Amino acid sequence: GYINLASGAAIPTSGGNVTLGGGVNPATDFAYSTTAGQSGVQFTGASLTTAGGNVVINGSVNATGVNNGISLTTASAIDSSAGNITLNGRSTSTSSSVSQNNYAILLNRATLTTTSGHVTLDGVNTAAISTGAGGIDLNGLGGASSITTASGNITLTGSASANGGTGGIHRGVFLINSFAVSSASGNIAITGTAGGAGSNNRGVELNNSASVKTTGSGPVPLPGPGAGPTGFGGGVQVQGLIETTGTGSIAITGTGGGT
């Protein structure tokens, strides 16, 4: 079944780990939704704090409508202090008639915060929908939205659906509307693979004041600017801010798709 934390819901621990998943082993198996409009794991104005414990969330969806494997919205927050935060999202809808945005992981007006912990997001979308079958969507519309760590690493890996239809917008990793990804001294790596047909299928895209920053000394491997079509389906597009104010570097690698 799915997991739904509504507005005002809170999960606090005093250093204990929190795992939200499903199946026989929630640490590796996914909470799963087949209900239209319901994500596999959904936070709507909810919070999770662990005071040093690790957080693992595994969410998957296979349903019609606007659905996500993992969805954190409406001022939802996860704060692990020194613990790691790991989000694994999957979208596997096979309803080819649906023309909706559908992401493996969606953060919209939500925050992930650690001090020395690592933050890892892995979003894989194989949905057969016509528009917006994306891997990871990070959207700051409507309020504070960020992934922040002091000394931990941040790794974002998103794969859009190769089964997506001609509506396009099948992006691997998409940051928009002032969403901020930052690490003081840790490493940041963003890797996105676009998919599907149509246009605007970019591997990684930063848009409308979204930002990626390192402010300390943590080096990040720089494998290159990406590959793919040269039109509206390029590997990497930046209409935001990429900044290093220390000796760190930032890796953004994208593979485009479509046209």
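Because the structure is predicted, anything quoted here is derived from the model rather than measured.
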Using atom types as modelled and distance alone, determine if a side-chain donor or acceptor of Ser183 lies under 3.5 Å from a backbone N or O of Gly152.
yes
Any side-chain heavy atom of Leu141 sitting closer than 4.5 Å to one from Asn108?
yes
Shortest non-hydrogen contact between Ala160 and Ala133, atoms and distance
CB-O, 3.3 Å
Establish whether Ile85 and Phe179 are linked, either directly or via other cluster members, by ILVMFWY side-chain heavy-atom contacts under 4.5 Å.
yes
Donor on one side chain, acceptor on other, Thr149 and Thr114, under 3.5 Å
yes
Quick one: does Asn58's side chain have a donor or acceptor within less than 3.5 Å of a partner on Pro26's backbone?
yes
Donor-acceptor pair, distance only, cut-off 3.5 Å: does the side chain of Thr255 make one with the backbone of Gly203?
no
After noting the C-alpha distance and the side-chain angles of Gln38 and Asn4, does the key distance pass the side chain to side chain contact (heavy atoms under 4.5 Å, CB included) rule?
CA-CA 8 Å; Gln38 173 64 55; Asn4 189 357; 3.4 Å; yes
Could you check whether Asn67 and Asn102, counting side-chain N and O atoms only, form a donor-acceptor pair closer than 3.5 Å?
no
Test item: Asn54 side-chain N/O and Asn84 main-chain N/O as donor-acceptor pair under 3.5 Å:
yes
So if you build clusters from Ile, Leu, Val, Met, Phe, Trp, Tyr with side-chain heavy-atom gaps below 4.5 Å, do Ile154 and Val204 land together?
yes
Are Leu156 and Val55 connected in the hydrophobic side-chain network, where two residues link if heavy atoms are under 4.5 Å apart?
yes
If you compare all heavy atoms of Ala36 against all heavy atoms of Ala63, which two are closest, and at what distance to 0.1 Å?
N-CB, 4.0 Å
Has the side chain of Asn201 got a donor or acceptor atom that lies under 3.5 Å from a matching backbone atom of His170?
yes
Is Thr111 close to Thr148 at the side-chain level, that is, under 4.5 Å between some pair of heavy atoms?
no
Side chain Thr92, main chain Val61, donor-acceptor under 3.5 Å
yes
Indicate, with yes or no, if Val124 and Leu121 share a hydrophobic cluster defined by side-chain heavy-atom contacts under 4.5 Å among Ile, Leu, Val, Met, Phe, Trp and Tyr.
no
Should Ile57 and Phe43 be marked as a side chain to side chain contact (heavy atoms under 4.5 Å, CB included) after you check the CA-CA gap, both sets of side-chain angles, and the distance that decides it?
CA-CA 11 Å; Ile57 300 177; Phe43 285 37; 4.3 Å; yes
Hey, any chance Leu112 and Val56 share a hydrophobic cluster, counting ILVMFWY side chains that come within less than 4.5 Å of each other, even indirectly?
no
Ser146 (side chain) donor-acceptor with Val181 (main chain) under 3.5 angstrom:
no
Please check if the side chain of Ser39 supplies one atom and the backbone of Asn68 the other of a donor-acceptor pair under 3.5 Å.
yes
